[in-house]
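Following: one structure in structure tokens, then a few remarks.
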Amino acid sequence: MEAYTLPDHPASREEALRLHQTCDTIDREIAEVEALTGAKAGVAMDVQMKEDPDQQEEVTLQLFKAQLDRLRQLTMAAGQAYFARLDFIPAGRPPETWYLGRWGVLDPVTLDPVVVDWRSPVANLYYSGQLGPMDYEAPDGRVAGELTLKRMLTVRQRQLISLFDSGIVSQEAYLQEVLGSISSDRLREIVTTIQAEQNIVIRHPLKAHLLVQGAAGSGKTTIALHRIAYLLYTFRKTLKPENMMILAPNPLFLSYISQVLPDLGVERVVQTTFEGWCREGMGRHMPKILRESRLEKNLLLSAEERREAGELVRMKGSLAMMKKLESYLDHLQETVLPENGFKMAGVALMDRPELEKVFLRDLRYFPLEQRITELKKIIRKRVQSAAGLLKSKYAENADQMANRIRSSMPEGEQRQRKIRDLYALRDQRCREVDARAEEYLARFREKFTLPDLAGLYRAFLRECVPDADLLDGEESLRQEDLPMLVMICKALHGLKTKPMKHIVIDECQDFSPFQIELLKRTNPAATFTLVGDLYQGIRADEGIRSWEEWRGPVFDNQADLKQLTVSYRNTVEIMDMAQTVAGRYPIAGIRETKPVLRHGEKPGIRRAENEKQRLALIREQVRIWRDEGYYSIALIEKTAEQARKLFRQIGAELEAHLLSETDSEYRGGVMILPASIAKGMEFDCVGICDASAENFPEDEFLCRILYVMMTRPLHRLCIWYKETPSPMLAKA
């Protein structure tokens, strides 16, 4: 076993001893939790609650689960107890020393903090300040003082690997050490390197909506996930993971980010896509949706064809269309009512004016299907009352007739038979009344004509968009139809979604105003964190072109806009080249991206004489990257068909995986994928396989696609073309 050597730093021995003591404390606490729960560190324990627990059982189980969560956090903390030390002198108080880690650790005897959680207020001293006068917001008020030491510590497997003391040079060295490492097969958590502008986003107040314009590589996805962890820590008494939801672009992206929250000690946050949320809400009422990528279709169209195809999609996602549908559904509720109210056997149960009052006003908060059920409860009572009146009338008539018989006929067998027949007829009529009442209630639902969901949607489109290409058959319902289908389902049948208190949307620039407003109405108690990049708005026909499309119309100007302008992913050389491409189509109000000063190899732009040479160049470059030790290598083609063709040509010999939009597992290694699913992900090395002029002519939409592809790599970028390069690479 290789001998361990302390880092070259005057405080190495002191810090190594402190680390050893901290690990001992963590081990003791792990042992206590194990003894208390019967669980074992590192071994998952499945805990099930019985179907109908009483209050005490539920409280006991929740406390037990909290202990298991604590055991899991302590187990993770044991290998990497902390990452920073702060020495702070509060005004008028003795000096304080804090060690920051992913999870807080208390001394089990004194209950003093041994390690402070990165989400605690005092951690702001680390994330937002330099040495000198500083303050932070504590639970009992603002604490001012002087920060005298800010030390970054790298700890792995209980060993002290490196130390950096505060200062611009040392902080950049520490940041570059972390950013320069080779990636794994998942998005990384970044608690050790959160920067000041990122910290502002993470700790933004929960009560306010937040819009984040984040440059490519600015860490907006990771920051959004860390914000969830921060909010759950800060508001742990009122906010539960089950009441938080993150919406991602596709299942593959969910797999890519899946480990970040568990690594931060956060479990049970709802992670899904917008379509997944729709599917949960509509349940069995969700119609069949055509599985296609509109982005893929757009890549095959000319600019004019894309403009024409996008007009209807953009209209479908507008707030104006939402208002039209709202009005249409308001009118629909009147048309489903029986014209003349309800009668049974000539007895008026509810006339039309009362029916309108009950159905349209008193029950208006219920979906139509539930309104019918609630109305039936009212009508059932009136049917029973009417049936009772009829039976009382029959009984009264029978008694009167029996008295007449008794007074007009002498006592005897004939009179008795007549009275028996009379009461038998009464009983038969009463049974008929009961049967008629049951039949009336059994067929009550038939008096309402609720259309099927997809049929109603088509009818709405025919009425409100008469000149558009209408849907033709259920199979032609598409993803852009989902917001309206959900709204119709909510009006007809209700939704099964669980109400959320906070919703995070990644790649939000591809969401329409309709989608955001629908989520807002469905979760009225929720606040939102929306992160995206307008420069990566490759679904502009459905999404937004300006943040103002949301701030005023959707959020009533009650949303704060923050910009993340520093890119931590790409080297300076890669970002400079990507910026020259993005700059061909600037967006007003969006500040220029500034890369962290991390230099690397200049991206290559290489010409191939023919297809055979292109494949040879790709093979050779992948071999070089592998020999250099890089783990995740992405070969990105413009379209899915081009990606499939490349996979058939060289996938087997490169031991590559072919990724598609429907994949639900991200595996790393060498990957061949289309541009449509690359957004949001990062790789050690990226090859753009065909950036020829024929494949990427001058066009704003294709410029956004090319920019997305160019900003995926952490370390290496190579671009190949045949014959003539894209004119958008001219200045690159």
**OP:** Taking only Lys NZ, Arg NE, NH1 and NH2, and the carboxylate oxygens of Asp or Glu, determine whether E517 and R521 approach each other closer than 4.0 Å.
**Re:** yes

Original post:
Which atom pair, heavy atoms only, marks the closest approach of A437 to M344?
Top reply: CA-SD, 3.8 Å

Original post:
Are any non-hydrogen side-chain atoms of I419 and M401 less than 4.5 angstrom apart?
Top reply: no

**OP:** Take R382 and E354 through the salt bridge (charged side-chain N to carboxylate O under 4.0 Å, His left out) test and state the conclusion after the steps.
**Re:** CA-CA 13 Å; R382 297 192 181 186; E354 185 187 6; 2.6 Å; yes

**OP:** Kindly give the heavy-atom pair with the smallest separation between K288 and L477, and that separation in Å.
**Re:** O-CB, 3.6 Å

**OP:** Could you grab the distance from atom CG of N243 to atom CZ of F235, nearest 0.5 Å is fine?
**Re:** 14.0 Å

Original post:
Is the F460 ring parallel, tilted or perpendicular to the Y457 ring (thresholds 30°, 60°)?
Top reply: parallel

**OP:** Applying side-chain hydrogen bond (donor to acceptor under 3.5 Å, both in side chains), name anything that partners D362, two or more places apart in sequence or on another chain.
**Re:** K357

Original post:
If we only count heavy atoms from C-beta on, is the M282 to C489 side-chain gap below 4.5 Å?
Top reply: yes

Subject >> I503 and L530, any side-chain heavy atoms less than 4.5 Å apart >> reply: no

Subject >> Interatomic distance, L68 atom CG to K65 atom NZ [nearest 0.5 angstrom] >> reply: 9.5 Å

Subject >> SB check E311 K316 (cutoff 4.0 Å) >> reply: no

Subject >> Verdict with reasoning, K343 to D351, per salt bridge (charged side-chain N to carboxylate O under 4.0 Å, His left out) >> reply: CA-CA 8 Å; K343 290 182 179 179; D351 60 18; over 6 Å; no

Original post:
To the nearest 0.5 Å, what is the distance between CZ (R417) and CD1 (I405)?
Top reply: 11.0 Å

**OP:** Could you tell me whether a side-chain N or O of K562 sits under 3.5 Å from a main-chain N or O of L210, the two making a donor and an acceptor?
**Re:** no

Subject >> Under-4.0 Å salt bridge between R551 and D556 >> reply: no

Original post:
With distance as the sole test, does R415 use its side chain to make a donor-acceptor pair with the main-chain N or O of R406 at under 3.5 Å?
Top reply: yes

Original post:
What's the spacing between R445 CZ and E369 CD if we round to 0.5 Å?
Top reply: 6.0 Å

Original post:
Any donor-acceptor pair under 3.5 Å linking the side chain of T527 with the backbone of L206?
Top reply: yes

Original post:
Between the side chain of K520 and the main-chain N/O of V554, is any donor-acceptor distance below 3.5 Å?
Top reply: yes

**OP:** Give a yes or no on whether the backbone of L252 and the side-chain of N250 come within a donor-acceptor separation of less than 3.5 Å.
**Re:** yes

Subject >> For L519 against M245, the heavy-atom pair lying closest together >> reply: CD2-CE, 4.5 Å

Subject >> Quiz item: cation-pi between R429 and Y394, 6.0 Å / 45° >> reply: yes

**OP:** With the side chain counted from C-beta on, respond yes when I372 and F444 share a heavy-atom pair under 4.5 Å apart, and no when they do not.
**Re:** yes

Original post:
E242 pairs by salt bridge (charged side-chain N to carboxylate O under 4.0 Å, His left out) with which of R268, K501, K498?
Top reply: R268

Subject >> For T497, the option from T522, V486, N523 that meets side chain to side chain contact (heavy atoms under 4.5 Å, CB included) >> reply: T522

Original post:
From M487 CE over to M321 CE, what is the distance, rounded to the nearest 0.5 angstrom?
Top reply: 11.5 Å

**OP:** Starting from the C-alpha separation in whole Å, work towards a yes-or-no answer on side-chain contact (heavy atoms from CB on, under 4.5 Å) for Q67 and L36.
**Re:** CA-CA 9 Å; Q67 290 286 352; L36 188 65; 3.6 Å; yes

**OP:** Assess whether atom CD of Q414 is packed by more than 12 heavy atoms of other residues, nucleotides or ligands within 6.0 Å.
**Re:** no

Subject >> For L453 against I488, the heavy-atom pair lying closest together >> reply: CG-CG2, 4.1 Å

Original post:
Is the shortest distance from a Lys or Arg side-chain nitrogen in E374 or K377 to a carboxylate oxygen in the other one below 4.0 Å?
Top reply: yes

**OP:** Look only at the side chain of S318 and the backbone of M315, and say whether a donor-acceptor pair between them is shorter than 3.5 Å.
**Re:** yes

Original post:
Take atom CG in N340; do more than 12 heavy atoms of anything else shown fall under 6.0 Å from it?
Top reply: no

Original post:
Is there a side-chain contact between L355 and P338 (heavy atoms, below 4.5 Å)?
Top reply: yes

Subject >> Ion pair check, R72 and E267, cut-off under 4.0 Å >> reply: yes

Original post:
Do the side chains of Y256 and T221 get nearer than 4.5 Å, heavy atoms only?
Top reply: no

**OP:** Say whether, by atom type as modelled, one donor and one acceptor occur between the side chain of H502 and the main chain of A526 under 3.5 angstrom.
**Re:** no

Original post:
Checking side-chain contact (heavy atoms from CB on, under 4.5 Å) for the pair V336/L450: CA distance, chi angles, key distance, verdict?
Top reply: CA-CA 7 Å; V336 302; L450 275 188; 4.0 Å; yes

Original post:
Is it true that E326 and K490 make a salt bridge, defined as a side-chain N closer than 4.0 Å to a carboxylate O?
Top reply: no

Original post:
Taking atom CE of M409 and atom CZ of R404, what is their separation to the nearest 0.5 Å?
Top reply: 15.0 Å

Original post:
Is there a donor-acceptor pair closer than 3.5 Å between any side-chain N or O of R364 and the backbone N or O of F359?
Top reply: no

**OP:** Decide yes or no on salt bridge (charged side-chain N to carboxylate O under 4.0 Å, His left out) for R478 and E275, but give the supporting numbers first.
**Re:** CA-CA 11 Å; R478 293 175 169 83; E275 182 179 339; over 6 Å; no

Original post:
When you check the gap from the basic side-chain N to the acidic O, do R436 and E432 get nearer than 4.0 Å?
Top reply: no

Original post:
Parallel, tilted or perpendicular for H209 and F555, by the 30°/60° rule?
Top reply: tilted

**OP:** Report yes if some heavy atom in the side chain of L659 is under 4.5 Å from a heavy atom in the side chain of I677; otherwise report no.
**Re:** yes

**OP:** Start with the C-alpha distance between L492 and L329, add both sets of side-chain angles, then the distance that settles side-chain contact (heavy atoms from CB on, under 4.5 Å), and finish with yes or no.
**Re:** CA-CA 9 Å; L492 293 182; L329 293 172; 5.6 Å; no

Original post:
Under a 4.0 Å N-O cut-off, is there an ion pair linking R352 with E334?
Top reply: no

Original post:
With no hydrogens and no angle check, is any side-chain donor or acceptor of R203 less than 3.5 Å from a backbone partner on Y230?
Top reply: no

**OP:** Find out whether the Lys NZ or Arg CZ of R420 is both under 6.0 angstrom from the six-membered ring centre of Y423 and within 45° of the ring's axis.
**Re:** no

**OP:** Evaluate side-chain contact (heavy atoms from CB on, under 4.5 Å) for V504 paired with F528, printing each intermediate quantity in order.
**Re:** CA-CA 6 Å; V504 173; F528 286 76; over 6 Å; no

**OP:** Give the minimum heavy-atom separation between D506 and F253, together with the two atoms involved.
**Re:** OD2-CE2, 3.1 Å

Original post:
Hey, are the side chains of V383 and F342 touching, using non-hydrogen atoms and a 4.5 Å cut-off?
Top reply: no

**OP:** Work out which heavy atom in P483 is nearest to a heavy atom in L518; give both atom names and the distance.
**Re:** O-CD2, 3.6 Å

Subject >> By side-chain contact (heavy atoms from CB on, under 4.5 Å) - contacts of D330 (at least two apart) >> reply: Q333

Original post:
Backbone N or O of K324 within a donor-acceptor pair of the S327 side chain at under 3.5 Å?
Top reply: no

